[in-house]
**Student:** 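Pasting a structure below so you can have a look.
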Protein chains: 4
Amino acid sequence: MFHIDALSRKPIYEQIVEQIERFVLTGLLKPGEQIPSVRSLSIELSINPNTIQKAYSELDARGIIRSVPGKGCFICENAPAVLTEHKRGKLSDLTRTIEELALAGIEKKEIEECVEKAYANILRKGEAGE
Amino acid sequence: MFHIDALSRKPIYEQIVEQIERFVLTGLLKPGEQIPSVRSLSIELSINPNTIQKAYSELDARGIIRSVPGKGCFICENAPAVLTEHKRGKLSDLTRTIEELALAGIEKKEIEECVEKAYANILRKGEAGE
Amino acid sequence: MFHIDALSRKPIYEQIVEQIERFVLTGLLKPGEQIPSVRSLSIELSINPNTIQKAYSELDARGIIRSVPGKGCFICENAPAVLTEHKRGKLSDLTRTIEELALAGIEKKEIEECVEKAYANILRKGEAGE
Amino acid sequence: MFHIDALSRKPIYEQIVEQIERFVLTGLLKPGEQIPSVRSLSIELSINPNTIQKAYSELDARGIIRSVPGKGCFICENAPAVLTEHKRGKLSDLTRTIEELALAGIEKKEIEECVEKAYANILRKGEAGE
DNA sequence: GTGGTCTAGACCACG
DNA sequence: GTGGTCTAGACCACA
């Protein structure tokens, strides 16, 4: 289920955060559902429990999961909405990124192809998942 | 000419690299032109010379500038082309970024607005600069 | 009668303690009255008996209930008085909490509104309950 | 400057967070100012650096400080405003706390005395600090 | 020197 | 069993 790249410069705990967020968006993890315990995931991924804990704390702080001592961690009811709004806030970053590409002489048409491709990919995966 | 945000999470050397690359793309620095020496820039920006050196080494490795011992650093002839190709290689990253936004329920229309806005901004600045 | 939020960060045993104390203060449970047995309550709330036991032990230690072996648990005669005095001891905590708000620039007027609102709420509920 | 109660049930990292927030509100730490480094504070308080790090991460996430790798941690410009808004959000908690006291038979007058005392204390300290 | 990440191993309260 | 805190000690990139 999880895939960790230990050699990536992206911290392990961040990789876990992103993957769980992705699972929520793809519907693999649904609101109310329990996620793997800190210890079990640490064993499954051969990663120190503290690292998992840090990832879960981050998700808790963002309102994606709810950590309940003695019981476990559960996906928040409004986790998908939280994620959508969080991503919407990154549209300005996207604009700046595209500006840099435009400045470098990348044609608008090439960017538009990326947009088409991205939405085509999502649609394809969505159909496969349904 | 340079603007460094000391409190940014982005490493200072990276800020310098990006700004010089930007100067090349906007035509503010032309191929063959000499850039400030490590020492003079370190004084101008009140920054450790090692940091400037690291930025210049990075630019040298990317083929943007060429260090000529005893004379200084100069913008490579094909620097603009190198940069364009480098950015083109990031189109796949862009596609993945857009995929994530799409997955989070961001409408295609919102992305397209970003694209339009980015190209409009570039055009505007380009006219102002000419 | 009881309402337990399993996903709350507040320990379940503490939720039970607070609710029984509240029942005593609102008159829903009167001195001398018997409260549900550990076993029956554990079944009713689908909660581990040990958890109920811990709540009852806490109430016993505070002088709110008295466990009579073989007969059950009963509300102490002076439970309401005990609770009032216990709460009065928390007035210093309240002062410190308000100090923090004041320090943060919250206007005295805003605090006074909270006081008014709180007493209005209690009055309203009291009338409804009577 | 700092005072840590190792025997408190309040986590050490949280005590540090609260004290720094308090220093910001009292003006002891001003926006833009650098706070003690993780290592120096860990030595001063005889506390593990990781614990300090956790406190600083929390403050960074809340927008109170800005951690800059290689440079240090600095109080954010709008830290006081952030704190005030954060505290204002706790007014509903305060109302509920007062409700509980009211229900227990605490006279409104006693609560009002707390309010007066709290604001008197703040005023007094403010004058002393000026 | 700075902050940040990770591991190993311990202890706690809660259920 | 669960999550949460803390320590000790290591390593990294950045300045």
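Lettering of chains follows the sequences in order, A, B, ..., and the numbering in each one begins at 1. All values reported here derive from a predicted model rather than from experimental measurement.
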**Student:** May I ask you to verify if any side-chain N or O of B:Y13 is less than 4.0 angstrom from the OP1 or OP2 atom of F:dC14?
**Tutor:**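 Indeed, a polar side-chain atom of B:Y13 lies that close.
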**Student:** Determine whether any donor atom in the side chain of A:N50 lies under 3.5 Å from an acceptor atom in the base of F:dG4, or the reverse, and answer yes or no.
**Tutor:**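 Side chain to base: no pair present.
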**Student:** When only distance counts, do a donor and an acceptor, one from the side chain of D:Q53 and one from the base of E:dG4, lie under 3.5 Å apart?
**Tutor:**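 Answer is yes: a donor-acceptor pair is held.
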**Student:** Go ahead and name the base partner of E:dC14; Watson-Crick or wobble counts if both distances stay under 3.5 Å, otherwise write none.
**Tutor:**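 WC or wobble partner is F:dG1.
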**Student:** Can a side chain N or O of D:S37 be found less than 4.0 Å away from OP1 or OP2 on E:dT2?
**Tutor:**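 For D:S37, the contact criterion (side-chain N or O under 4.0 Å from OP1 or OP2 of E:dT2) is met.
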**Student:** Side-chain contact, heavy-atom cut-off 4.5 Å: D:F23 with D:M1?
**Tutor:**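 Side chain of D:F23 against side chain of D:M1, heavy atoms only: contact under 4.5 Å found.
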**Student:** Please confirm whether any donor atom in the side chain of A:R39 sits under 3.5 Å from an acceptor in the base of F:dG3, or the reverse.
**Tutor:**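 Present.
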**Student:** Indicate whether the side chain of B:S37 and that of B:S40 have a donor and an acceptor atom separated by less than 3.5 Å.
**Tutor:**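 A pair is found: one side chain offers a donor N or O, the other an acceptor, under 3.5 Å apart.
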**Student:** Looking at F:dT7, E:dG3, E:dT7, which one has an atom nearest to any side-chain atom of A:T51?
**Tutor:**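 Minimum distance to the A:T51 side chain belongs to E:dT7.
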**Student:** At under 4.0 Å between heavy atoms, what does C:I47 touch on the DNA or RNA strands: base, sugar-phosphate, or nothing?
**Tutor:**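 Nothing, no nucleic acid heavy atom in range.
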**Student:** Any donor-acceptor pair under 3.5 Å joining the side chain of D:N48 to the base of F:dA8?
**Tutor:**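 Looking at the base of F:dA8, it does pair with a donor or acceptor on the side chain of D:N48 (distance under 3.5 Å).
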**Student:** For C:K54 and E:dG15, is the shortest distance between a side-chain N/O and OP1 or OP2 below 4.0 Å?
**Tutor:**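 Result: no.
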**Student:** Map C:K10 and A:S46 onto DNA chain E by nearest heavy atom, then report which one ends up closer to the 5' terminus.
**Tutor:**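 So the residue in question is A:S46.
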